[in-house]
2 protein chains.
Amino acid sequence: MTETLKKIFKEKGVSPSYTRMRIYYYLDDCKTHPTVDTIYKELIDELPTLSKTTVYNVLKLFVEKELVYEVNIGTNEKRYELVIEKHSHFICQVCNTIYDIPYICRPIDEDVIPGFEIIDQEVNLKGICPNCKHKQITT
Amino acid sequence: MTETLKKIFKEKGVSPSYTRMRIYYYLDDCKTHPTVDTIYKELIDELPTLSKTTVYNVLKLFVEKELVYEVNIGTNEKRYELVIEKHSHFICQVCNTIYDIPYICRPIDEDVIPGFEIIDQEVNLKGICPNCKHKQITT
DNA sequence: GTCCTTGCAAAGCGTTTGCACAGAA
DNA sequence: TTCTGTGCAAACGCTTTGCAAGGAC
């Protein structure tokens, strides 16, 4: 497993320090699009000398090396996720949780915006997640 | 014209101070999804005592009263636009300009994300705008 | 030895808050 | 008078920068 990750890092030109690997594993594990602060708090027990600067450094490197995406959907803090299969996001307007959902893609009629070169499209859904919906009903 | 705006304000419960109306007109005028800083700089000559705090105050009020949307697409600074017809955004990856484009929307197959209540969907396109494309070719 | 990773402290930047003054109702 | 709009100054929160110490190679 560690070997697999070392290989991934090597392919992207990232040297496999323990801290970097640990942060990568955390992202792989949590599926919650965590903020820097969350990552820091989750790992500080295990890596007592960890600093937020290091978390910032590592994430910046990961983003540059295309191991990680910055997810930016109207929250103050940046959120991060591993670069995996392309997908869309559902943001719960009650608890602010971001859920990964299958990628939604819209055919764009190029005539509608002539002259624009479309490189990427992103569909974000907003609404209420099952958890919060359940709470609303039961309270 | 001023009367029309006063009516709009009244409907939303916003009292029509000169500063508020001026900021509203600027937003109506510029079509550029400006930041607080841009609004401030554009109006400071005309309203020499204007402060950024006031711009923040007015925009906060406008957002609360649903006169204005906060546009949040991965930039540090919040951007603002009048609440008008629902539309989508195209973000130029070269010059960071945000363009309004016709609203792209398709019904979502609820089965894909069962239990989630979808209230809104947002489509953002990313790519290169005609201006920047033209520059790339000619330079 | 050199290079790189890490992390403290400080600065930076956009935004919000506290508070007070002035004008409107 | 009371209420509201405005704006200075300070605080705040997230992020970046400067720099130095320690470890890897």
Student: Out of C:dT6, D:dG7, C:dG7, which has the shortest distance to the side chain of A:Val58?
Tutor: C:dT6
Student: Starting from P on D:dG7, measure out to OH on B:Tyr18 and report it in whole angstrom.
Tutor: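 Taking OH of B:Tyr18 and P of D:dG7, I get 13 Å after rounding.
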Student: Using whole Å, report how far CD of B:Glu70 lies from C1' of C:dT15.
Tutor: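 B:Glu70 atom CD is separated from C:dT15 atom C1' by 11 Å.
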Student: Please determine whether the number of non-hydrogen atoms from other residues, nucleotides or ligands lying under 6.0 Å from atom CD of B:Glu85 exceeds 12.
Tutor: no
Student: Whole angstrom is fine here: how far is it from CZ in B:Phe9 over to P in D:dT4?
Tutor: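 Rounding to the nearest Å, CZ of B:Phe9 and P of D:dT4 are 17 Å apart.
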Student: Using only side-chain N and O atoms of B:Lys52, determine if any of them is under 4.0 Å from OP1 or OP2 of D:dA9.
Tutor: no
Student: Mark yes or no for a side-chain to base donor-acceptor pair under 3.5 Å between B:Thr53 and D:dC8, with no hydrogen or angle criteria applied.
Tutor: yes
Student: Using a cut-off of less than 4.0 Å, is there contact between a side-chain N or O of A:Lys78 and OP1 or OP2 of D:dT16?
Tutor: yes
Student: Of the nucleotides C:dT6, D:dG5, C:dT15, which has the atom closest to the B:Glu77 side chain?
Tutor: C:dT15
Student: Send over the distance from A:Asn57 CG to C:dC3 C1', rounded to a whole Å.
Tutor: 16 Å
Student: Provide the closest heavy-atom pair for B:Val123 versus B:Ile104 in the form atom of the first, atom of the second, distance.
Tutor: CG2-O, 3.3 Å
Student: Given atom OH of B:Tyr40 and atom P of C:dT15, what is their separation to the nearest angstrom?
Tutor: 15 Å
Student: Looking at B:Ser51, I'd like to know whether one of its side-chain N or O atoms comes within less than 4.0 Å of OP1 or OP2 on D:dT6.
Tutor: no
Student: Rounded to the Å, how far apart are B:Lys60 NZ and D:dG7 C1'?
Tutor: 16 Å
Student: OP1, OP2 of D:dC14 versus side-chain N and O of A:Thr35: anything below 4.0 Å?
Tutor: no
Student: Nearest whole Å is fine: how far is C:dC8 C1' from A:Leu50 CG?
Tutor: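 A:Leu50 atom CG is separated from C:dC8 atom C1' by 13 Å.
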Student: Flag yes if more than 12 heavy atoms outside B:Glu11 fall under 6.0 Å of its CD atom; otherwise flag no.
Tutor: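 More than 12 within 6.0 Å, yes.
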Student: Counting only side-chain heavy atoms from C-beta out, which of D:dT6, C:dT15, C:dT5 sits nearest to A:Arg20?
Tutor: C:dT5
Student: Could you tell me the separation between the CD atom of B:Glu64 and the P atom of D:dG5, rounded to a whole number of Å?
Tutor: 12 Å
Student: Does C:dT5 have OP1 or OP2 under 4.0 Å away from a side-chain N or O of A:Ser17?
Tutor: no
Student: Given C:dG14, D:dT15, D:dT6, which nucleotide is nearest the side-chain atoms of A:Tyr56?
Tutor: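 Per side-chain heavy atoms of A:Tyr56, the pick is D:dT15.
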Student: Identify whether any heavy atom of A:Ser15 sits under 4.0 Å from a base atom; if not, whether one sits that close to sugar-phosphate; answer base, sugar-phosphate or nothing.
Tutor: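 Since only primed, P, OP1 and OP2 atoms lie under 4.0 Å of A:Ser15, the category is sugar-phosphate.
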Student: Using distance alone, with no hydrogens and no angle criterion, decide if A:Arg79 and A:Thr32 have a side-chain donor and acceptor under 3.5 Å apart.
Tutor: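 Judged by distance alone, the side chains do not pair up.
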Student: Answer with yes or no after comparing the ring centroid distance for B:Tyr99 and A:Phe116 against a 6.0 Å cut-off, counting only values under it.
Tutor: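 Yes, they do, as the ring centres are separated by less than 6.0 Å.
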